[in-house]
Structures are given as structure tokens and as C-alpha cells.
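Here's the structure, in C-alpha cells; my notes come after.
Note that the structure is a prediction, hence the values are computed from the model and not measured.
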There are 2 protein chains.
Amino acid sequence: MTTEPENLMTPAEVAARFRVDPKTVTRWANQGRLTSIRTLGGHRRYRETEINALLTATPPHGR
Amino acid sequence: MTTEPENLMTPAEVAARFRVDPKTVTRWANQGRLTSIRTLGGHRRYRETEINALLTATPPHGR
DNA sequence: TGCTAGTAGGGTAATTAGGGAT
DNA sequence: CGTGTCCTAATTACCCTACTAG
């Protein structure tokens, strides 16, 4: 299927994952660093899969 | 739930817990001693659980 | 319809990254 | 060897008012 429904997240939800201000998420979207989908009223929604992919940790390489 | 959201801490918060300069926390991350997650702007966030684990006191082995 | 929380804007202050000298 | 400090550039946080989501 070419049109799979995506789980969307609100700015506040994305901000909570990254521990940043919702405004910062908006800035990322404006800069094109984040895919944003607009509601008819102009509010942004974000793809959950993309957020999870960007949320990668660098684990300690112990010792 | 296979992946639960992690509570993240800012460099300043981690530094306050350890009573060190934020720059020192950055060094720990660069050396791979600390797990770090990056914002899209390059700022680091740290896992609260990991910090708490590292904050465990070494009790005096009394007598 | 009204109501409340959240978001879009824009401006300005505070943090952070990175390097380098100590 | 580890940490704190100085510097500049970049990123993020907080302030406001108006509008949208539900």
C-alpha cells in the first residue's frame, strides 16, 4: 500500500520526548528538519515514526 | 508497550545533581561515559534513570 | 453556542556547543 | 589526567497576544 495512515503527534508530545519547548519543535519544522502536517486551522502535527527515528541515543562505550 | 518514553534531563540539571560544571557533563558524554541524546539543534539530553543510577552513594562499610 | 488547553506568530533573554588556554 | 573558566556562534527558553482544537 502506498498510503499507510501515520500516527501523528502534537507539538507538545514531540517536545516532551526531546525535552524541549514546543516552540523549538515548531522551529525545527520551519527549518525543514522535521516533516510537518498542517491541520486546516494551521496547527502542526508530526509523524511518530520520524520522531522515534530521530530519538536515537549514543550509549556509553564503557570502561 | 515495547518502547516507553524516557525522562530526559538537560545538561544544567545533570550538572546540578553532580555539583559540577555543565562543561564537565559534556566531557563525560564525549568520552562515552554517559548516554546522550541529541536535539535536532545539537544540544544534549541525558537519561534520568542513568543519572540516578550513577548518583548512588557508596555507604561506609561500617564496623 | 461557550469554554479551556494548546498552538502560531514575534521578540528577547538564557543555555549550550565547541575550541583553546590554564 | 580531570575540572573550571574564557570566548564566540548557535540553539533553546520564556515573554506576549490572537487563533485553533476538541
Side-chain angles (χ1 to χ4, degrees):
Chain A
M1 310 0 173
T2 50
T3 53
E4 284 290 342
E6 295 265 4
N7 294 334
L8 299 182
M9 301 177 66
T10 65
E13 290 171 342
V14 177
R17 299 295 188 286
F18 280 94
R19 188 55 162 84
V20 294
D21 194 273
K23 285 303 202 58
T24 299
V25 180
T26 298
R27 221 173 288 116
W28 294 342
N30 282 329
Q31 296 172 353
R33 307 211 235 188
L34 213 49
T35 303
S36 63
I37 297 174
R38 294 277 199 159
T39 68
L40 299 187
H43 287 198
R44 297 183 181 86
R45 298 286 116 98
Y46 304 93
R47 300 182 190 278
E48 186 178 31
T49 57
E50 185 177 10
I51 301 304
N52 289 332
L54 292 172
L55 224 27
T56 53
T58 302
H61 81 294
R63 195 131 314 282
Chain B
M1 312 60 150
T2 50
T3 51
E4 356 190 330
E6 303 237 24
N7 293 334
L8 302 180
M9 300 178 67
T10 65
E13 290 171 343
V14 177
R17 298 287 184 277
F18 281 97
R19 293 293 303 276
V20 294
D21 194 273
K23 223 45 182 312
T24 299
V25 179
T26 298
R27 291 198 188 96
W28 294 344
N30 283 329
Q31 295 169 358
R33 298 166 171 249
L34 217 48
T35 302
S36 63
I37 295 173
R38 296 274 197 154
T39 67
L40 298 192
H43 286 203
R44 297 183 183 85
R45 299 282 115 104
Y46 304 95
R47 298 185 193 278
E48 186 179 32
T49 56
E50 185 177 8
I51 301 303
N52 288 332
L54 292 172
L55 240 18
T56 55
T58 301
H61 37 296
R63 188 136 317 278

Subject >> Residue Asp21(A), side-chain atoms from C-beta onward, closest of dC14(D), dT15(C), dA8(C) >> reply: dC14(D)
**OP:** Send over the distance from Ile37(B) CD1 to dT16(C) C1', rounded to a whole Å.
**Re:** 17 Å
Subject >> Atom-to-atom span, CD of Gln31(B) to C1' of dG2(D) - whole angstrom >> reply: 8 Å
Subject >> Contact under 4.0 Å: Arg44(B) side-chain N or O vs dT16(C) OP1/OP2 >> reply: no
**OP:** Would you mind reporting whether Asn30(B) and Arg44(B) have side-chain heavy atoms less than 4.5 Å apart?
**Re:** yes
**OP:** May I have the distance from Lys23(B) (atom NZ) to dT22(C) (atom P), rounded to whole angstrom?
**Re:** 16 Å
Subject >> Axis deviation across the helix from dC3(C)-dG22(D) to dG19(C)-dC6(D), five-pair ends, to the nearest 10° >> reply: 60°
Original post:
Does dG2(D) have OP1 or OP2 sitting under 4.0 Å from an N or O in the side chain of Arg33(B)?
Top reply: yes
**OP:** Please determine if a side-chain N or O atom of Thr39(B) lies less than 4.0 Å away from the OP1 or OP2 oxygen of dT12(D).
**Re:** yes
Original post:
Heavy atoms, side chains only, cut-off 4.5 Å: are Met9(A) and Arg45(A) in contact?
Top reply: no
Original post:
Between dT3(D) atom C1' and Trp28(B) atom CH2, what is the distance in whole Å?
Top reply: 10 Å
Original post:
Taking Tyr46(A) as the fixed residue, which of Thr35(A), Leu8(A), Leu54(A), Val25(A) is the one that meets the side chain to side chain contact (heavy atoms under 4.5 Å, CB included) rule?
Top reply: Val25(A)
Subject >> Separation of atom CG in Asn30(B) from atom C1' in dT3(D), rounded to whole Å >> reply: 14 Å
Original post:
Is any side-chain N of the basic residue among Arg19(A) and Glu48(B) closer than 4.0 Å to the acidic one's carboxylate O?
Top reply: no
Original post:
Which one, dG9(C), dT11(D), dA21(D), comes nearest to the side chain of His43(B)?
Top reply: dT11(D)
Original post:
Quick one: on DNA chain D, does Val20(B) or Gly41(B) contact a more 5' nucleotide (nearest heavy atom)?
Top reply: Val20(B)
Subject >> Arg45(A) CZ - dA8(C) C1' separation (whole Å) >> reply: 12 Å
**OP:** Give a yes/no answer on whether the side chain of Thr10(A) brings an N or O atom under 4.0 Å of OP1 or OP2 in dG6(C).
**Re:** no
**OP:** Please tell me if the side chains of Thr24(A) and Phe18(A) come closer than 4.5 Å, counting only heavy atoms from C-beta onward.
**Re:** no
**OP:** Measure from CZ on Phe18(A) to P on dA13(D) and round the result to the nearest Å.
**Re:** 12 Å
Original post:
Pro22(B) or Pro22(A): which one's nearest nucleotide on DNA chain D is closer to the 5' end?
Top reply: Pro22(B)
Subject >> Nearest-0.5 Å distance that lies between atom CZ in Arg27(A) and atom CZ in Arg33(A) >> reply: 10.0 Å
Subject >> Non-hydrogen side-chain atoms of Arg47(B) and Ile37(B) separated by less than 4.5 Å >> reply: yes
Original post:
Below 4.0 angstrom from OP1 or OP2 of dG4(D), is there any side-chain N or O of Thr24(B)?
Top reply: yes
Original post:
Has the side chain of Arg27(B) got a donor or acceptor that lies under 3.5 Å from a partner of the other kind on the base of dG4(D)?
Top reply: yes
Subject >> Gap between atoms CZ and P, on Arg19(A) and dT15(C) respectively (whole Å) >> reply: 13 Å
Subject >> Any side-chain heavy-atom pair of Ile51(B) and Leu34(B) under 4.5 Å >> reply: yes
